[in-house]
Amino acid sequence: MSEFETQPTDLDKELNSLLVQLGPDTPPAGFTARAMESIRPQVAQEPFRLHWSDFVPAFVLSAIGAVVLFFWLGAAGAHSIFEEVSSPVVFNSISDLQLVVLSVAIGLLVVAYPLLKGNWNGSQVGFFR
Amino acid sequence: MKGIERKDMTAEKILIKRAKQGDTRAFEALVNHHARYVFTLTNRLLPDVQEAEDLAQETFIRAWQNLAKFRGDAQFRTWLYRIATNLCYNRLPNLKRDLSALDPDDSIVISDKALPAEQQMIRAEQRAQLSEMINSLPESYRLLIVLRHVNDLSYQEISQVTDLPLGTVKTGIFRARKMLKERLETRTD
């Protein structure tokens, strides 16, 4: 056996030239569409597909919500340290009912965000995809 | 060219990430990009175009089902071709046996560099003749030639795709090229 590619012959070069320009075959028309048609039932059968990154926005919003609630609860008198930092003009006007409504709204946003995110991406079933 | 290739790979990584999260449109883009090469692989090995298409589609179905297992250690195309090759092994039981029977020849010195080629464009007739010559090769050599010269894989990648030792891959390609050169010489004469 002789060394290969260290001293290519004219025949080697001719073959290489042909092979380089051969190119891939063209699939039949509609190949991709048919492949995706076969795949889409797989998506419907597996609606629940969670990824750890789905929880990141929820954690971030929860943290923000917790901080906001912390100061507001403090403003409502739950902890004396907040009396020094809270603004009496703003916080004294907030009732307990408003605090509850705000807490529920933040909680709903934390839960709803992944669902909304899923729909924006066009996934069939938002958070559970 | 390297800059464009790097950009393409980044775009593909983004598509793969989205597809892993269930985005079928992202996966469809991947199918569009790789369909020709996967189909070529199956079409060159199987006698029937319909069967080749079925096997190629099965490749993408299995890729979708197992996408979570793709860790990105190898290129996505290498992983796809591995699936396609395994399906071909199931369909053609002699293929794996024949490939495994190739004795690696240590006297063959073969590099992975791009091969020197003449720059003249080939005519459609020459392309058809070359296709015919490749199709006349034994299945095992055909697979190696397609992976190397159409799908543009390195020897190492071919070794991963076919699950063969590197030496066996090099020997197989060397012998396949030798057969092609003999056929080319015969046609030229």
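Being a predicted model, the structure only gives us computed values, none of them experimental. Protein chains get the first letters and strands the later ones, always in sequence-line order, with residue 1 at the start of each.
- In this structure, chain A has no heavy atom under 4.5 Å from any part of B/Leu41.
- Between B/Glu58 and B/Arg62 a salt bridge is recorded (basic side-chain N to carboxylate O distance below 4.0 Å).
- Within the 4.5 angstrom heavy-atom criterion, no atom of B/Ala52 approaches chain A.
- A/Thr32 touches chain B through backbone and side chain together, each having a heavy atom under 4.5 Å away.
- Of the possible donor and acceptor atoms, one in the side chain of B/Thr40 sits under 3.5 Å from a partner among the backbone N and O of B/Arg36.
- Counting heavy-atom pairs closer than 4.5 Å to chain B, the top-ranked of the candidates A/Gly23, A/Ala35, A/Pro24 is A/Pro24.
- Separation of the B/Phe76 and B/Phe70 ring centroids falls under the 6.0 Å cut-off.
- The number of heavy-atom neighbours closer than 6.0 Å to CZ of B/Arg18, taken from other residues, nucleotides and ligands shown, is 12 or below.
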